[in-house]
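Beneath this line is the structure, given in C-alpha cells, with notes to follow.
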Amino acid sequence: MDKAVKKKKLGLKQRYTTMTRDLAWETSYQDMDKVFPYDKYEGIKIHDWDKWEDPFRLTMDAYWKYQGEKDKKLYAVIDAFAQNNGQLGISDARYVNALKLFIQGVSPLEYYAHRGFAHAGRHFTGAGVRVASQMQSIDELRHYQTQAHTISHYNRHFNGMHDNIKWFDRMWYLAVPKSFFEDAFSGGPFEFLTAVSFSFEYVLTNLLFVPFMSGAAHNGDMATVTFGFSAQSDESRHMTLGIECIKFMLEQDPDNVPIVQRWIDKWFWRGYRLLTLVAMMQDYMLPKRVMSWKEAWEMYAESNGGALFKDLARYGIRPPKGWEDACEGKDHISHQAWGTFYQYSHAAAFHTWIPKADEMQWLSEKYPQSFDRHYRSRLEYWDDLAKQDDRWFNQHLPMLCQTCQIPMVFTEPGDPTKISLRETKYEGQKYHFCSDHCKEIFQHEPRKYVQAWLPVHQIYQGSCYPEDINPESPGDSPVREVLRYYGVVGGQDNGEFETSQDRHNFDGWLGKAHKPEQQTEQEANK
Ligand code: FE
Ligand code: ZN
C-alpha cells in the first residue's frame with residue numbers, strides 16, 4: 001500500500017538556495033567565459049564564487065510581496081496628498097525648486113541604476129551577486145516610477161518639471177549626474193558595483209537622501225517624505241550589496257587590492273563632486289533648514305566614513321585620495337555652487353534668489369570660517385543690483401571640467417580666493433580640470449574622457465540649437481535659442497524667483513484659500 005508522503009518544509013536557508021543558487025549551472029555547450037565575457041577583463045580575480053555571502057536571503061516571491069505592500073502604502077499617501085491639495089501646505093514656493101532639482105537630476109539616475117544593475121546582474125558568473133543585482137535593478141525602476149508619480153502632482157501646479165527626461169540629456173548642469181552614471185555603467189560589472197553600490201550607496205547615500213527627505217518633512221511635503229522612506233527601505237539591501245562586493249573582491253585575491261583602491265579613489269571623488277548639488281540644495285533651497293551641508297558632511301562622511309575606512313584597513317585599503325580635499329571643501333562648495341546657479345539661472349530650469357536676512361544669519365552661524373568672509377558680500381551686492389532692477393545674469397559661458405563636467409567654480413584647497421584649475425595634454429589637445437583628482441581620473445583612462453559631451457563646448461560648436469535657426473544670423477539671441485533646444489520656457493521655468501510665475505501663483509492660491517467664499521464652501525460641506 002502507498003504511504004502518504006509528508007512534504008518536508010524547507011528551512012529558510014535551504015529554500016533560498018533552492019530558489020536562487022541552485023537555478024544556476026555551469027554551461028557545457030559553450031565556454032563559461034564566452035557566456036560571461038565581462039567579469040574578467042577588469043583584472044579582478046575570483047577563485048570561489050560560492051564564498052559570496054547573501055545576507056538578505058530574499059527569494060523572488062517574498063520580494064514581490066514586500067514591494068507590493070510598500071507600494072500600496074505609498075500610493076495611498078500620494079492620493080491623499082493630491083486630493084487634499086497638499087501643495088498648498090508647503091513652507092514656501094521656493095521649496096519646490098528642490099523638488100525640481102530632484103526630478104531633473106536624481107530620478108533619472110534611478111532609471112540609469114535600473115539599467116546598470118540589469119546589465120551587471122546578467123554578466124556576473126556568481127549566482128549570489130546575480131540575484132542581488134537583478135532585485136536591485138527592479139528596485140531602481142520602482143524608485144524612478146514612484147518619484148515620477150509623486151512629483152507629477154507638483155508638475156500640475158509649478159513650472160520647471162515638465163520635461164525632465166529631455167533636460168537630463170541636454171542641459172548643462174544635468175550633464176554632471178548624467179556623466180557620473182554613464183561613466184559607471186560603461187565600466188565593467190565590478191567597477192559598476194564599486195562605483196554605485198559601494199562608493200555612492202554605502203559611503204555617500206545618507207548625504208543624498210537624508211537632506212532631501214528631512215528637508216521635505218520640514219517643509220511640509222509629506223508625499224516626498226513617503227517615497228523617500230519607501231526607497232530607503234530598499235537601500236539597506238543595496239548598501240549590503242556594496243560592502244559585500246568590496247569585501248568579496250578583497251578576500252578573493254591580493255591582486256585585487258590595488259584595482260579596488262583605484263576605483264575607490266575615483267568613485268569617492270566623482271560622488272563627492274556630484275553631491276555639490278545636494279550641498280547647495282541643503283544650504284540655500286530649503287526655506288526651513290534642517291542642518292547645514294557642513295554638519296551633514298561631518299556626521300555622515302567624517303565620522304561614519306572614517307570608521308568604515310578604519311575597518312577596511314585590514315585588507316590594505318586606505319581612505320580615498322580626495323578625502324582631505326573633500327573635507328576641506330565642506331566650508332565652501334554650497335556657496336560656490338549657489339553663486340554659480342544664481343548667475344546662470346536664466347539658462348537653468350529652476351529659480352534662484354538671494355537668501356533673506358535671517359537666512360544669511362543662519363549661514364553666518366553655520367559657516368563661521370567662510371560665509372561672512374568670502375560669500376556674503378557678493379550676495380548682498382547682487383541683491384542691491386536686483387533692487388535697482390538690474391538682476392545679474394552672467395552671459396558668458398564657463399569652462400567645464402573634462403571629468404566631472406562642473407564649471408570651474410571650485411577654489412584651491414587652502415585658498416578660497418583662488419580658482420582651482422588644472423590642465424593636461426593628450427594627443428595634441430589640451431584638457432581642463434577642476435582639481436588634481438579629476439585630472440588623475442582622466443589621465444588613467446584618457447580615451448574614455450576625451451569623448452565627454454561637454455555642454456558648453458557643444459553650445460559653442462553649434463550642437464545645441466534647434467534645427468530651424470541659423471546661429472550665425474544677427475539678432476538671434478544664442479541663449480534664447482539654446483533654451484528652445486533644451487525645451488525650457490525662458491523666464492517661466494527659470495530666472496529670478498521673486499518675479500516668477502510660481503511665486504505669483506502660490507501667493508495667489510494662499511490668498512484665495514483664506515477668502516471668505518472658500519470658507520463658506522467648507523462650512524457647507526460640514
Ligand atoms: Fe534607487
Ligand atoms: Zn572635476
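Order of appearance sets the numbers: ligands from 1, and atoms from 1 within every ligand.
Among heteroatoms of the N, O or S kind in H143, ND1 lies nearest the Fe ion (ligand 1). Between the Fe ion (ligand 1) and the N, O or S atoms of E140, the shortest distance is to OE1. If you look at E110 and ask which of its N, O or S atoms sits nearest the Fe ion (ligand 1), the answer is OE1.
By the 6.0 Å contact criterion, OH on Y66 is open, its count of non-hydrogen atoms from other residues, nucleotides or ligands being 12 or less.
We find the NZ-CZ distance between K100 and F158 to be 8.0 Å, quoted to the nearest 0.5 Å.
The aromatic rings of H123 and Y38 sit tilted relative to each other, their planes meeting at an angle between 30° and 60°.
Rounding to 10 degrees, one finds that the Zn ion (ligand 2) sits at the corner of an angle of 120° between C434 SG and C401 SG.
Within the 4.5 Å cutoff, no side-chain heavy atoms of T125 are placed close to those of I46.
A cation-pi geometry, defined here as NZ or CZ lying under 6.0 Å from the six-membered ring centre and within 45° of its normal, holds between R122 and F36.
The distance from the Zn ion (ligand 2) to the nearest N/O/S atom of C404 is under 2.8 Å.
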